[in-house]
Undergrad: 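The structure under discussion is supplied below as structure tokens; questions concerning it will follow.
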Amino acid sequence: KTSLTLFALLEGGFVKRFIKAFAAAAPDMIRPPRDSRPGFEGWTLLHHAAMLGDVKVTALLVQKGHAVDLVDSSLSLITPLMIAIKFDRVAVVKELVSLGADSSICDMCGENAIHYAARVSGTMVKAIMSAGNYSKDHILSLVTTTNCKRKFPEDIAANDLIKETLVHFRVF
């Protein structure tokens, strides 16, 4: 019941109430609770915080021991970083990457964070690259990963500018 209350508070955007309830419930939580509601199967509190776009809650959860790279337990294998990218939460993406989120983790379709970012905006791609402070080799591995349909991130890019940027990273 406590975990459902936490999920409801976070999803409803009641950040102050969530922080108070989480502080009271945190000693009892050995493992992060998982959501069981349809559409959110396996999501953790960090997944919901990423969707909400609240940097403060995201940092609090990670600080209290929430693993930053937990995948949902459903078939999709989506991480909180992918959720933040999907919902265009640039500040949370930067925070998650700076806290150690792995942008190379792939979902069930073989797509990593750059695939998700390519669908959203060039700003999102830039946020991931700059917050991660990646080496050239790591960037190359991110942009050369193909999904299950054998498409590079530039093949699914939202516009031509993102496509050209990703091709530049891959080719040069």
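Everything quoted here is computed from the prediction, not taken from an experiment.
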Undergrad: What's the separation between atom OG in Ser141 and atom NE2 in His138, rounded to the nearest 0.5 Å?
TA: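 Between atom OG of Ser141 and atom NE2 of His138 there are 5.0 Å.
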
Undergrad: Using the test side-chain contact (heavy atoms from CB on, under 4.5 Å), find all partners of Ser130 that sit at least two apart in sequence or belong to another chain.
TA: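 Ser130 satisfies side-chain contact (heavy atoms from CB on, under 4.5 Å) with no other residue.
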
Undergrad: Of all residues at least two apart in sequence or in a different chain, which pass the side chain to side chain donor-acceptor pair (under 3.5 Å) check with Ser103?
TA: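 Result, side chain to side chain donor-acceptor pair (under 3.5 Å) vs Ser103: Tyr134.
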
Undergrad: Within 45 degrees of the axis of the six-membered ring of Phe14 and under 6.0 Å from its centre: does Arg17 put its NZ or CZ there?
TA: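 Because its charged atom sits under 6.0 Å from the ring centre and within 45° of the axis, Arg17 does stack over Phe14.
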
Undergrad: Mind listing the closest non-hydrogen atom pair of Ala118 and Val125 along with its distance?
TA: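 Nearest pair, atom of Ala118 first, then Val125: N-CG2, 4.1 Å.
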
Undergrad: Return the minimal non-hydrogen interatomic distance between Leu99 and Val68, and the atom names on each side.
TA: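 Shortest heavy-atom separation between Leu99 and Val68 comes out as O-CG1, 4.3 Å.
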
Undergrad: Taking only residues at least two apart or on different chains, which pairs with a member in residues 154-170 satisfy salt bridge (charged side-chain N to carboxylate O under 4.0 Å, His left out)?
TA: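 Counting only pairs at least two positions apart or across chains, the salt bridge (charged side-chain N to carboxylate O under 4.0 Å, His left out) contacts touching residues 154-170 are Glu154-Arg170.
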
Undergrad: Quick check for you: to the nearest 0.5 Å, what is the distance between Phe169 atom CZ and Leu140 atom CG?
TA: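 Result: 11.0 Å between the selected atoms.
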
Undergrad: Any link between Leu161 and Val167 through a network of hydrophobic side chains (Ile, Leu, Val, Met, Phe, Trp, Tyr) touching at under 4.5 Å?
TA: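 No, Leu161 and Val167 fall in different hydrophobic clusters.
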
Undergrad: Does any part of the side chain of Lys151, heavy atoms only, come nearer than 4.5 Å to the side chain of Thr146, both counted from C-beta?
TA: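 SC-SC contact between Thr146 and Lys151 ruled out.
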
Undergrad: Which atoms form the tightest heavy-atom contact between Val93 and Met124, and what is the distance?
TA: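 Looking at all heavy atoms of both residues, the shortest contact is CG2-SD, 3.6 Å.
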
Undergrad: Output side-chain donor-acceptor pairs under 3.5 Å for residues 45-57, partner residues at least two apart or in another chain, one line each.
TA:
from  : atom 1 : to    : atom 2 : distance (Å)
His47 : ND1    : Thr44 : N      : 3.1
His47 : ND1    : Thr44 : OG1    : 2.9
His47 : NE2    : Ile78 : O      : 2.8
His48 : NE2    : Asp35 : OD2    : 2.9
Asp54 : OD1    : Lys56 : N      : 2.9
Asp54 : OD1    : Val57 : N      : 2.9

Undergrad: Same cluster for Val15 and Val62 if Ile/Leu/Val/Met/Phe/Trp/Tyr side chains link at under 4.5 Å?
TA: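 Same hydrophobic cluster.
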
Undergrad: Go through the steps for Thr145 and Ser104 under the test side chain to side chain contact (heavy atoms under 4.5 Å, CB included), then give the verdict.
TA: CA-CA 9 Å; Thr145 301; Ser104 62; over 6 Å; no

Undergrad: Could you pull out the closest heavy-atom pair between Asn159 and Ile162, with the gap in Å?
TA: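 Heavy atoms only, the tightest pair is OD1-N, 2.9 Å.
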
Undergrad: Between Leu77 and Met82, which heavy-atom pair has the shortest distance, and what is it?
TA: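 The pair with the smallest heavy-atom distance is O-SD, 4.3 Å.
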
Undergrad: Under the rule for side chain to side chain donor-acceptor pair (under 3.5 Å), what residues qualify as partners of Glu111, not counting sequence neighbours?
TA: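 Applying side chain to side chain donor-acceptor pair (under 3.5 Å) to Glu111 gives Arg119, Asn147.
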
Undergrad: Passes side chain to side chain contact (heavy atoms under 4.5 Å, CB included), Ile83 versus Thr79? Steps please.
TA: CA-CA 7 Å; Ile83 295 293; Thr79 65; over 6 Å; no

Undergrad: If every non-hydrogen atom of Val97 is compared with every non-hydrogen atom of Ala131, which pair is closest and at what distance?
TA: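 Looking at all heavy atoms of both residues, the closest pair is CG1-C, 3.6 Å.
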
Undergrad: Would you say Asp137 and Ser135 are linked by a side-chain donor-acceptor pair, where the criterion is simply a distance under 3.5 Å?
TA: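 Not at all, the side chains of Ser135 and Asp137 share no donor-acceptor pair under 3.5 Å.
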
Undergrad: Would Phe152 and Ile105 show up in the same hydrophobic cluster when neighbours are defined by side-chain heavy atoms closer than 4.5 Å?
TA: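 They do not share one cluster, since no chain of ILVMFWY contacts under 4.5 Å joins Phe152 to Ile105.
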
Undergrad: Can you tell me which residue pairs pass the salt bridge (charged side-chain N to carboxylate O under 4.0 Å, His left out) test with a partner in residues 67-86, sequence neighbours excluded?
TA: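 Salt bridge (charged side-chain N to carboxylate O under 4.0 Å, His left out) check on residues 67-86 returns no pairs.
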
Undergrad: Would you sort out whether Phe18 and Leu61 count as a side chain to side chain contact (heavy atoms under 4.5 Å, CB included), showing the intermediate values?
TA: CA-CA 11 Å; Phe18 169 80; Leu61 289 170; 4.1 Å; yes

Undergrad: Checking side-chain contact (heavy atoms from CB on, under 4.5 Å) between Asn112 and each of Ile128, Leu142, Val143, which is the one that passes?
TA: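 When side-chain contact (heavy atoms from CB on, under 4.5 Å) is applied between Asn112 and each of Ile128, Leu142, Val143, only Leu142 qualifies.
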
Undergrad: Pro153 versus Leu166: any side-chain heavy-atom pair under 4.5 Å?
TA: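 The answer is yes, as the side chains (C-beta and beyond) meet within the 4.5 Å cut-off.
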
Undergrad: For the atom pair CD1 (Ile139) and CD1 (Ile114), what is the distance rounded to the nearest 0.5 Å?
TA: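 Between atom CD1 of Ile139 and atom CD1 of Ile114 there are 8.5 Å.
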
